[in-house]
Amino acid sequence: DPQKTAFLLRKQWTLYSVTPLYRFSNAHLRDYARLLSAFIAAEKQKGLAGGGGAFKCFFSPSQLSSRSPASPKNSEEKLIWSGWFCCVSGDDLSENVAEDFTCLPLFLANGAECYTSIVGSWFQKTFDCCFRHLAISPLNLSWMAAMWTGCKVDKTTSAMELVFSVPCLPQPLDISYAIHPEDAKALWDTVQKTPGEITQEEVDVFMDCLYSHFHRHFKIHLSATKLVKVSTAIASAHCDGIIKFLQSQYLTGVLMLLTELAISQIQ
Amino acid sequence: HLATSLPLPSERDHLRPRIDLIAFMIDIKSKYSLKNVEASLAHVDASFFLGKVCFLVTGVGRVNYCSVEMNAIWKLGEVYCSPVLFCELELEGIRVATAQRLVRMLQICAGHIPGVSALCFGSLMRNSADD
């Protein structure tokens, strides 16, 4: 669905891992919307959610994957917050879980943090699940850098950018390393042996080449710093668990990877 | 004695006491530290790998800062037949406990504990692998 997909692109989504939901049913989405609206209104009364205006919540099922977006809107019909559950190829988790549970391990939220925590606590209370921020380790970010560099893009738009945070300094220092996307792809093509398959060794070699190139010019060992952000034409990911989808073509692929990360955080 | 890498400078060779234990420190947050250790290992005499070498992995408290793959570390321990210890330097309790373990290992390696030698470390590791 191109309209729904366009809605997801070029927005900053904060990632959460969610444990299986108890007795969640697609048949009761209208009731959930009603209950969630009431909950948000109650929280607003307690002063826990800012902003004026009434709230409307709607849940909608999706055919692509088990996505159930929940979006409170204010009375002027401006979308102020949206969140959606996702599970792409999460068969491993679903198999090991009892029947009453629904597995939607990945949650993505866009909008004010206060709404995310309200919606999160409602889900946690109602379905006995647990939301946790999904952080992305430098190791996983390197995988994303290698994987996404290898993807074919129609028009070469943005450079590949890696951001590193330098530890143990009195003042924080970030190093931004931008690489021409064609050069990065050429490098990855020489490293990857089997198309469609990626090994840890290949990712290591790819990153090591980038690090040695940088060291040759600047005498700085990037391998001693922390990789905090990866930006490619496909998507950009930050170690705090923030993602931006940039290409609809690879949306499912990125979601599959994020689902995997969410599942490993849960287990 | 503390060093950032091996080999140690040869100028001070004659002043240096006997080395009984080498603990290689790998910071899980720094790929560079792993590369450094791998390069330094090449300068260690083979006789040390009979129980007088161990790997100390630090920074393991926070999984989300991981820049080094755990398999690479396990493989290192296997290839060099040396124990791998995990430690979180920022927590005092763990720091103290790890220091005590290392001192104990050092006593054994230096031959201060009668009846136990550094060779025992190697055979202990082999047994647990077979189990």
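Because the structure is predicted, anything quoted here is derived from the model rather than measured. Within every chain, numbering begins at 1; the chains are lettered A, B, ... in the order of the sequence lines, protein sequences first and strands thereafter.
Neither the backbone nor the side chain of S33(B) comes within less than 4.5 Å of any heavy atom in chain A. Contact of S142(A) with chain B is not made at all, since no heavy-atom distance falls under 4.5 Å.
Counting heavy atoms from C-beta outward, M160(A) and L162(A) have side chains that approach closer than 4.5 Å. Between F245(A) and L108(A), the closest side-chain pair of non-hydrogen atoms falls below 4.5 Å.
Each of A224(A), P138(A), C239(A), A135(A) has some count of heavy-atom pairs under 4.5 Å with chain B, and the biggest count is that of P138(A). Put simply, of D208(A), L222(A), L141(A), the one with the most heavy-atom pairs under 4.5 Å next to chain B is D208(A). The greatest number of non-hydrogen atom pairs below 4.5 Å with chain A, out of S30(B), A72(B), C66(B), is found for C66(B).
None of Y16(A), W13(A), F107(A) except one satisfies the ring pair (Phe, Tyr, Trp, His ring centres under 6.0 Å) rule with W84(A); the exception is W13(A).
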Q. Are I242(A) and K229(A) close enough, and set up right, to give a side-chain contact (heavy atoms from CB on, under 4.5 Å), and what steps lead you there?
A. CA-CA 9 Å; I242(A) 301 172; K229(A) 185 172 179 197; over 6 Å; no
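Put simply, the side chain of S236(A) never gets that close to the backbone of S231(A): no donor and acceptor are under 3.5 Å apart.
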